[in-house]
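These notes concern the structure reproduced below.
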Amino acid sequence: MSKHRVSRRQFLNYTLTGVGGFMAAGMLMPMVRFAVDPILKASEGGDFIPTPQKVSEITAEPTRVDFKFEQQDAWYTSEVSNTAWVYKDENGEIVALSPICKHLGCVVDWNKDKANPDHFYCPCHGGLYTKDGTNVPGTPPAAPLDVYPTKEKDGFLLLGKAEPRKGA
């Protein structure tokens, strides 16, 4: 036996402190897990989003491609709809452009302005872009349309996150 004896009061103090510590840990662990879980969770898909557009059906004429994907903001998951203008250039490479005007964020449309055929037209302030997404000088947009990186999988088009055009 030890020379140092534990009094009843010390024993009760040690016991209550230990039990209280276990109870506090039991309450805090779920809260810590709730806060840290989204950070530790691995993303399933990757950076490319599948679209319903078959690569074999893409032509030299820009076509509007609508696609949906799930977006997760912390603990909230929502389905987001997005759009791209897709066509094949002179080299047969797929070009996917964002439809968001760089002036004020309106949506551009292909070949809708009778005065400027074969251009992307922004109806908000008369902005014009050429077929490759370059802004026409003298119109409101100060930068070219953003470009989606593209991939093909099982004959369907996959789009990455829209990026500003190189050199813009």
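Taking both residues in full, the closest heavy atoms of I58 and V86 are given as CD1-CG1, 3.7 Å, listed atom of the first, atom of the second, then distance. The heavy-atom pair separating G127 from P141 by the smallest distance is CA-CD, 3.6 Å. Nearest heavy-atom pair across P149 and F48 is O-CE2, 3.5 Å.
If you take CD on E79 and CD on E70, they are separated by 6.5 Å, rounding to the nearest 0.5 Å. Rounding to the nearest 0.5 angstrom, the gap separating the OG atom in S98 from the CD atom in E163 is 11.5 Å. Separating the NZ atom in K68 from the OG atom in S81 is a distance of 4.5 Å, to the nearest 0.5 Å. Taking CD1 from I49 and CG from L158, the interatomic distance works out to 9.0 Å, rounded to the nearest 0.5 Å. The NZ atom of K131 sits 7.5 Å away from the CG atom of D118 when rounded to the nearest 0.5 Å. Taking CE from M31 and CZ from R33, the interatomic distance works out to 15.0 Å, rounded to the nearest 0.5 Å.
Legend: disulfide (SG to SG under 2.5 Å) pairs involving residues 63-103, not counting sequence neighbours: none detected. Applying the salt bridge (Lys or Arg N to Asp or Glu O under 4.0 Å) rule to pairs touching residues 12-24 yields nothing, sequence neighbours excluded. Residue pairs meeting the side chain to side chain donor-acceptor pair (under 3.5 Å) criterion with at least one member in residues 138-150, sequence neighbours excluded: K102-D146.
Put simply, the side chain of H119 does not reach to within 4.5 Å of the side chain of V108, judged on heavy atoms. K54 places none of its side-chain heavy atoms less than 4.5 Å from the side chain of L157. For the pair Q53 and F156, the minimum side-chain heavy-atom distance is 4.5 Å or more. Side-chain atoms of H103 and C122, non-hydrogen and from C-beta on, never get closer than 4.5 Å to each other. No side-chain heavy atom of L97 sits under 4.5 Å from any side-chain heavy atom of Y129. P50 has its side chain out of reach of F69: every pair of non-hydrogen atoms, C-beta onward, lies at least 4.5 Å apart. Between P144 and N135, the closest side-chain pair of non-hydrogen atoms falls below 4.5 Å.
In terms of the side-chain contact (heavy atoms from CB on, under 4.5 Å) criterion, K161 has no residue partners (sequence neighbours excluded). In terms of the side-chain hydrogen bond (donor to acceptor under 3.5 Å, both in side chains) criterion, residue partners of T130 (sequence neighbours excluded) are, by chain and number, D132. When the side-chain contact (heavy atoms from CB on, under 4.5 Å) test is applied to P123, the partners found at least two apart in sequence or on another chain are Y121. Qualifying side-chain hydrogen bond (donor to acceptor under 3.5 Å, both in side chains) partners for D66, counting only residues two or more places apart in sequence or in other chains: R64, T83. Considering only residues two or more places apart in sequence or on other chains, W85 meets the side-chain hydrogen bond (donor to acceptor under 3.5 Å, both in side chains) condition with none of them. E152 meets the side-chain contact (heavy atoms from CB on, under 4.5 Å) test with V55; sequence neighbours excluded. With sequence neighbours left out, E61 forms a side-chain hydrogen bond (donor to acceptor under 3.5 Å, both in side chains) with W110.
As a member of the Ile/Leu/Val/Met/Phe/Trp/Tyr network built from side-chain separations under 4.5 Å, V107 groups with I100.
One hydrophobic cluster, built from ILVMFWY side chains closer than 4.5 Å, holds both L145 and V147.
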Show the atom names and distances, to 0.1 Å, of all donor-acceptor pairs under 3.5 Å that link a side chain in residues 9-27 to residues at least two apart or in another chain.
residue	atom	partner	partner atom	Å
Q10	OE1	S7	N	3.2
T15	OG1	F11	O	2.8
T17	OG1	N13	O	2.8

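The backbone N or O of K112 sits nowhere less than 3.5 Å from a side-chain atom of D109 that would complete a donor-acceptor pair.
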Dump the intermediate steps for side chain to side chain contact (heavy atoms under 4.5 Å, CB included) on Y87 and T59, then the final yes or no.
CA-CA 6 Å; Y87 69 95; T59 64; over 6 Å; no
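Counting non-hydrogen atoms of neighbouring residues, nucleotides and ligands closer than 6.0 angstrom, the NZ atom of K151 reaches no more than 12 such neighbours.
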